[in-house]
Amino acid sequence: MRVSQFPLSTLRETPADAEVISHQLMLRAGLIRRTASGLYTWMPYGLRVLRKVEAIVREEMDNAGAIEVLMPAIQPAELWQESGRWEQYGPELLRVKDRHDREFCVGPTHEEIITDLMRKELNSYKQLPVNYYQIQTKFRDEIRPRFGVMRSREFIMKDAYSFHLTQESLQETYDKMYAAYCRIFERLGLSFRPVAADNGSIGGSGSHEFHVLASSGEDDIVFSDGSDYAANIEKAEALAPAGVRPAPSQEMHQVHTPNTKTIQALVDNFKLPVEKTIKTLIVEASAESGAKFVALLVRGDHELNEIKAEQQPEVAAPLRMATEEEVRSIMGAGPGSLGPVNCPIPVIADRTVAAMSDFGAGANIEDYHFFGVNWGRDLPLPRVADLRNVKAGDPSPDGKGTLSIVRGIEVGHVFQLGKKYSETMNATVLDENGKAQTMIMGCYGIGVTRVVAAAIEQNYDEAGILWPKAMAPFQVSIVPLNMRKSEAVAQAAEALHTQLQAAGIEVLLDDRDMRPGAMFADHELMGIPHRVVISDRGLQAGSLEYKARKGGEAEQVPSAEILSFLQAKLA
RNA sequence: CGGGGUAUAGCGCAGCCUGGUAGCGCGUCUGUUUUGGGUACAGAAUGUCGGGAGUUCGAAUCUCUCUACCCCGACCA
């Protein structure tokens, strides 16, 4: 391909509204252009990258026995009403009406369509299991689209849905999909991690997220150095500290603590170790608890896990922190002076808190704390639960090794749906006794467009993108110097271009009449992995210059050997 | 939707406070120059100053209003 015929439009300056590096580089390298909020056009070079990701996903899905279909992007409201999601989904579901005033939505996902399809197509258990997938455009009317293609409203997703007679059969396909996902991200050349995920109301262990590791990621991923345990921090269990609670060694006493509204101030002003401090958080109580508010206790240096908190029967979901006015009217003191001693509302203590002794906590009197507090002696131990986020260095919940935390970008999700849709939509097959059985379902998604952005977040340098080999829009770029003046350079460039193309190498010839520096900068920005420079100087010496995008010095390669040299690099 | 901010040439920005009819850098076009890291010089084109209304002799600038976009929160592939 020649640049003169495959237009490249790079930007020298970073557009002001691009926040994250992948968005900036995708705009600068001319891979995408914004059409409207959350809507992007994929430009020629970007589309090549996208197609490569799709091809790998398609191949691995096919290899794993999934069958490709293509469902409509526009979906009739009746199916969503049948599943109950027409009401549940909210404004993220883009609803439209046709000329007959019939209601439709632009599909954000396809459970309804596939379930409807399968209940019609499948009659017998003998037809199971099946696994259908598609690679298709989805639309979710996100409240706040951002980060370019990372969280856009329209995006391309590979979604697969499997149907089974038994849980064992589902597990088998689930495991196959899990393995296929691992192969996909390995082949894409990404550093990734499958992690156990929160699977909400469905229950069971049937949900894993696949995260591309990148410091700019929005999720915290927890993993163990002593086992293959990995989980989203939302889900990672914080174990109770080992050993028994130390015996009290101090008497409880009230201390005047002016200007001490934070844990840090308490530690600094009173030389109290942070491990001896307690944070008291007041949240709204659930209707069935009978109380209006609940106090949650975590150690001073620990962070409340909102999902774990919401799962407590006493706590209202979604979680809502009490306002400062509410706190004052219930507790008689403001935030910064709160604690479990003489607490007028129900209390739940984190496991770590339950194991503390001689600790300090607010006295529920403005500017006073109690120090030397001990459970059992000074106040009864409240209900204990896992309330906090794990921290790096915590023991792994499976008992093997300690935990580390890294940031990740969620690019895939495998999920055991069970009968959630098949039951409400009455998708059954006849079993061997001729009895109707509700099918069990699994679903498996990959955010194809997001994968492209995530790959950049993980692979870039000052000059631009560093594509993994499998994703680069071209493998080799030819940069001829002074092509318009030097007949020899022009001929050599054309000849090499023809030669590499004939050898099946994806090659891009930069035949623009530009200065070398500008061309180098463009190819580096675009992240083409291999570069061959053709110059009069080199040709006279019978050689071409080769340089890899990722590090390494430029080297001279005899012209006659360039093909085999590149083939070795590309292998 | 709540809170904060921005809107001036393709991109990045100045001008606005203190009204006088729009500018800089990059890019684009023409010519010359240069040719191993975004070359230099000369010339040129490009704006309903986000839309509408108002104040004024006169509005990018002041007032009102609408719209779009960005950032922080809930959502998610």
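All values reported here derive from a predicted model rather than from experimental measurement. Just so it is clear: chains get the letters A, B, ... in the order the sequence lines come, proteins before strands, and each one is counted from 1.
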Evaluate A:R407 against A:E218 for salt bridge (charged side-chain N to carboxylate O under 4.0 Å, His left out), listing each step before the verdict.
CA-CA 7 Å; A:R407 303 289 283 176; A:E218 293 189 89; over 6 Å; no
Check step by step if salt bridge (charged side-chain N to carboxylate O under 4.0 Å, His left out) holds for A:K547 and A:E553.
CA-CA 7 Å; A:K547 186 173 181 311; A:E553 291 300 305; over 6 Å; no
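Of the side-chain N and O atoms in A:R146, one or more sit less than 4.0 angstrom from OP1 or OP2 of B:rC72.
A distance of about 14 Å separates the P atoms of B:rC17 and B:rU21, rounded to the whole Å. Comparing the P positions of B:rC64 and B:rU30 gives an interatomic distance of 48 Å, to the nearest angstrom. Comparing the same atom, P, in B:rG2 and in B:rG54 gives a spacing of 29 Å after rounding to whole Å. The gap from the C1' atom of B:rG20 to that of B:rA74 amounts to 50 Å, rounded to the nearest Å. Comparing the C1' positions of B:rG10 and B:rC57 gives a spacing of 37 Å, expressed to the nearest Å. Between B:rA7 and B:rG51, the two C1' atoms lie 12 Å apart (nearest whole Å). The gap from the P atom of B:rC62 to that of B:rG15 amounts to 12 Å, rounded to the nearest Å. Comparing the same atom, P, in B:rC24 and in B:rA44 gives a spacing of 12 Å after rounding to whole Å.
Judged by centroid separation below 5.5 Å and plane tilt below 30°, A:F520 does not stack onto the base of B:rG38.
Remark: B:rC17 base-pairs with no nucleotide in the shown strands. Criterion, Watson-Crick or G-U wobble with two distances under 3.5 Å. Across all strands shown, B:rA22 forms no Watson-Crick or G-U wobble pair with both key distances under 3.5 Å. Base pairing of B:rG38: no nucleotide in any strand meets the Watson-Crick or G-U wobble criterion (both distances under 3.5 Å). Nucleotide B:rU63: paired with B:rA53 (Watson-Crick or G-U wobble, both distances less than 3.5 Å). In this structure, B:rU6 and B:rA68 make a Watson-Crick or G-U wobble pair, each of the two defining distances being under 3.5 angstrom.
Counting atom types as modelled, A:R515 pairs a side-chain N or O with a base atom of B:rU34 as donor and acceptor under 3.5 Å. Side-chain N/O atoms of A:R12 and base N/O atoms of B:rC11 include no donor-acceptor pair closer than 3.5 Å. The base of B:rC75 is not paired with the side chain of A:R140 by any donor and acceptor separated by under 3.5 Å.
With contacts defined as side-chain heavy-atom distances shorter than 4.5 Å, the pair A:E111/A:R85 qualifies.
Counting non-hydrogen atoms under 4.0 angstrom, A:D17 reaches the backbone sugars and phosphates but no base. Counting any heavy atom pair closer than 4.0 Å across all strands shown, A:G445 reaches no nucleic acid atom. At a threshold of 4.0 angstrom between heavy atoms, the contacts of A:V533 include nucleobase atoms, whether or not backbone atoms are also involved. Counting non-hydrogen atoms under 4.0 angstrom, A:K485 reaches a base of the nucleic acid. Among the heavy atoms of the strands, none lies under 4.0 Å from A:S9. Within 4.0 Å (heavy atoms only), A:A521 reaches at least one base atom of the nucleic acid. Within 4.0 Å of A:R531, counting heavy atoms only, lies at least one base atom of the nucleic acid. Nucleic acid contact for A:E306: none, since no nucleic acid atom lies under 4.0 Å from a heavy atom of the residue. Among the protein residues, A:R153 comes within range of no part of the nucleic acid, since none of its heavy atoms lies under 4.0 Å from any strand. Among the protein residues, A:S152 comes within range of the nucleic acid bases, having at least one heavy atom under 4.0 Å from a base atom. Using a 4.0 Å heavy-atom distance criterion, A:D159 is classed as making no nucleic acid contact.
Toward the 5′ end of RNA chain B lies the nearest nucleotide of A:R144, the other residue of the pair A:R144 and A:E218 mapping further downstream. Taking the nucleotide of RNA chain B with the nearest heavy atom to each of A:L11 and A:V411, the more 5' of the two is matched to A:L11.
Between A:E13 atom CD and B:rU28 atom C1' there is a gap of 14 Å when expressed in whole angstrom units. Taking atom CZ of A:R28 as the reference point, atom C1' of B:rG27 lies 14 Å away to the nearest angstrom. Rounded to an integer number of Å, the gap from A:Q24 CD to B:rC11 P is 16 Å. Here B:rC75 presents its P atom at 8 Å from CD of A:E234, a figure rounded to the nearest Å. When the C1' atom of B:rC76 is taken as reference, atom CD1 of A:I446 falls 16 Å away, rounded to whole Å. In this structure, A:E142 places its CD atom 11 Å from P of B:rC75, rounding to the nearest Å. Here B:rG37 presents its C1' atom at 11 Å from CD of A:E545, a figure rounded to the nearest Å. Put simply, NE2 on A:H23 is 14 Å from C1' on B:rC11, counting in whole angstrom units.
Picking from B:rG37, B:rC11, B:rG38 the nucleotide with the shortest atom distance to the side chain of A:A518 gives B:rG38. In the set B:rC75, B:rA77, B:rG12, the nucleotide with an atom closest to the side chain of A:E92 is B:rC75. You'll find that the side chain of A:N482 is closest to B:rU35, out of B:rU35, B:rA77, B:rC11.
The stretch residues 36-49 of chain A comes close to RNA chain B through A:S37, each having a heavy atom under 4.0 Å from the strand.
No donor-acceptor distance shorter than 3.5 angstrom exists from the side chain of A:Q556 to the backbone of A:Y546, with no hydrogens or angles considered.
Using a 4.0 Å cut-off between charged side-chain N and carboxylate O, A:R549 and A:D461 make a salt bridge. A salt bridge links A:K138 with A:D159: the closest approach of a Lys/Arg side-chain nitrogen to an acidic carboxylate oxygen falls below 4.0 angstrom. We find that A:D522 and A:R512 are joined by a salt bridge, their nearest charged nitrogen and carboxylate oxygen being less than 4.0 Å apart. Using a 4.0 Å cut-off between charged side-chain N and carboxylate O, A:K308 and A:E234 make no salt bridge. Using a cut-off of 4.0 Å between Lys/Arg side-chain N and Asp/Glu carboxylate O, A:R187 and A:E60 are scored as salt-bridged.
Taking the six-membered ring where tryptophan is involved, the planes of A:H208 and A:Y178 are perpendicular, since the angle between them exceeds 60° and thus also 30°.
Looking at A:Y444, A:Y174, A:Y132, A:Y133 one by one, the single match for side-chain hydrogen bond (donor to acceptor under 3.5 Å, both in side chains) with A:S162 turns out to be A:Y444.
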